[in-house]
Amino acid sequence: MALPGDDLLDSVFSDFLIRPKIFKNREVLRHDFVPAHLPHREEHIRHLGGILAPALRGSRSSNVFIYGKPGTGKTAVVRYVLSRLVQKGQDMGGSVRGCYVNCRVAGTDYRVLASLCEAVGISVPFTGLAKGEVFDRFRAALDARRVLLVGVFDEVDALVRGQGDAVLYELTRINEGLRAGKFSIIGISNDLRFKEFLDPRVLSSLSEEEVVFRPYTAVELRDILLERARLAFVEGALSEGVLNLCAALDAAEQGDARRALDLLRVAAELAEREGKPCVVEEHVRQAQEKIEQDRVVEVMRTLPLHSKLVLFSVYLMKKADVSGAVTGNIYEVYRELCGQLAVEVLTQRRVSGLISELDMIGLLTARVVSFGRYGRTKKVYLSVPRGVVRNVLAEDNWVGRLISYEPKCLSRGE
DNA sequence: CGTCCACAGGAATGACGGGCGG
DNA sequence: CCGCCCGTCATTCCTGTGGACG
């Protein structure tokens with residue numbers, strides 16, 4: 001039985017289907033996709049393979065520390081080598097296993113340990129157990145099941161910053177208490193200065209081997225994009241200059257392959273939506289804007305109430321667009337907003353912290369300035385267009401009510 | 001020069017909701 | 001169900017500080 005909606009959707013679907021096809025396989029542009037071939041990283045792959053190979057003979061492989069800026073292929077290389085290692089191990093009937101943990105995503109010691117437990121086949125609750133307990137279970141299972149585990153700690157700097165290096169230290173020493181199982185660590189960090197934060201003992205055992213990944217050059221990026229584009233797009237969907245532009249725009253920033261791939265994918269999606277048969281340079285430029293915009297909107301939507309209120313306070317201080325708002329004034333406005341909404345007021349210390357957080361995620365720009373005799377504070381600017389802030393905050397159940405509010409503390413003189 | 005403003009931002013501590021094992 | 005530990009967010013208390021003013 002035909003509902004009215006059916007015709008509607010039918011036309012949407014069929015419109016889509018008769019449009020020129022751009023993508024052959026869009027999966028290969030996602031950044032968790034690990035390609036079968038990683039251009040310009042053959043050396044690193046061979047090297048890492050050599051380091052891990054002893055695991056196939058039942059020996060513990062050396063711990064490795066890998067440095068490099070984001071999007072330089074660290075994660076891809078490690079995942080690639082690890083999966084091949086595990087595969088080979090299975091073929092040979094051994095029990096080599098790998099465990100990939102992104103420490104920033106995991107966030108805490110506990111969840112990292114939980115991931116390791118999962119990798120050796122035991123399950124632990126999301127939370128509730130003492131860390132030591134989880135650690136013991138992990139060690140016991142590792143030994144009992146005679147597993148050779150390679151643990152990859154991606155963005156390990158985030159873990160140490162948040163939690164300290166105690167767990168890392170324990171993990172580097174875990175082999176001392178093992179008879180049958182073996183554990184080795186691959187640490188990955190974006191931050192080259194990270195070493196300085198580490199306990200020297202942890203550092204020395206963790207970096208038995210060290211590998212540094214250099215950023216890709218524009219030429220290398222182009223090769224990478226070309227390789228993926230062959231898999232991702234139908235013949236002729238890319239105009240000549242598009243790849244070069246993506247590579248060049250990105251290389252100008254950081255040489256981050258992940259972002260270059262995103263750029264290409266989004267540009268292609270824009271072209272597809274417009275019903276164009278191929279991607280042109282204009283799409284790439286639009287994509288650049290769209291990526292930034294989407295990121296900002298998403299971050300803003302998921303902000304906790306008080307962070308939104310702080311952001312909103314800065315938004316309401318219109319004249320601050322040029323001269324910058326100051327912590328004390330922001331706090332005044334913020335308090336007034338809390339009053340209007342009848343929500344509890346956080347302390348200035350906390351609000352100061354929230355401002356810094358908003359600065360870190362790029363919604364505000366804050367820098368400390370000194371007015372000498374008149375104190376020292378942070379000058380704060382919106383780093384997002386006012387319209388975007390307005391639109392997103394207006395959606396909020398609480399903040400939205402005050403979207404056109406005029407704070408009293410702003411109208412009575414300076 | 002020293003003073004002293006208006007905060008920055010570190011450290012310790014606490015309240016709270018969730019989840020254990022016994 | 002209890003006592004305990006967890007992570008998160010917030011408060012309290014604190015010491016530190018760039019530079020205009022006197």
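Just so it is clear: chains get the letters A, B, ... in the order the sequence lines come, proteins before strands, and each one is counted from 1.
Annotation: side chain of A:K290 is not in contact with side chain of A:E269 (no heavy-atom distance under 4.5 Å). Using a 4.5 Å cut-off on side-chain heavy atoms (C-beta onward), A:K308 and A:M300 make no contact. At least one side-chain heavy atom of A:R386 sits less than 4.5 Å from a side-chain heavy atom of A:Y315. Residues A:Y80 and A:H44 are not in side-chain contact: their nearest non-hydrogen atoms beyond the backbone lie 4.5 Å or more apart. Residues A:R41 and A:Y216 form a side-chain contact, since some pair of their non-hydrogen atoms from C-beta on lies under 4.5 Å apart.
Under the 3.5 Å distance criterion, with hydrogens and angles disregarded, no donor-acceptor pair is assigned to the side chains of A:S352 and A:T327. Between the side chains of A:Y331 and A:R335, not a single donor N or O lies within less than 3.5 Å of an accepting N or O.
Phosphate proximity of C:dA10 to A:R350: present, with a side-chain N or O under 4.0 Å from OP1 or OP2.
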Could you go over nucleotides 5-7 of chain B and give all protein N or O partners under 3.5 Å, atom names and distances?
unit_1, atom_1, unit_2, atom_2, d
B:dC5, O4', A:R373, O, 3.2
B:dC5, O2, A:G372, O, 2.9
B:dC5, O2, A:G375, N, 2.8
B:dA6, N3, A:R376, N, 3.3
B:dC7, O5', A:G328, N, 3.3
B:dC7, O4', A:R376, O, 3.4

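Whole-Å rounding puts the A:L346 CG to C:dT8 P distance at 18 Å. The distance from atom CD of A:E344 to atom P of B:dC16 is 12 Å, rounded to the nearest whole Å. With rounding to whole Å, A:R349 atom CZ is found 16 Å from B:dG14 atom C1'. In this entry the distance linking CZ of A:F135 with P of C:dC6 reads 15 Å, nearest Å. Residue A:D136 contributes atom CG, which lies 16 Å from atom C1' of B:dC20 at whole-angstrom precision. Following rounding to the nearest Å, A:K379 (NZ) and B:dA8 (C1') show an atom-to-atom distance of 17 Å.
Checked against the 6.0 Å centroid criterion, the rings of A:Y405 and A:F312 do not qualify as a close aromatic pair.
Counting non-hydrogen atoms under 4.0 angstrom, A:V345 reaches the backbone sugars and phosphates but no base.
Of the residues in residues 300-314 of chain A, not one comes within less than 4.0 Å of DNA chain B through any heavy atom.
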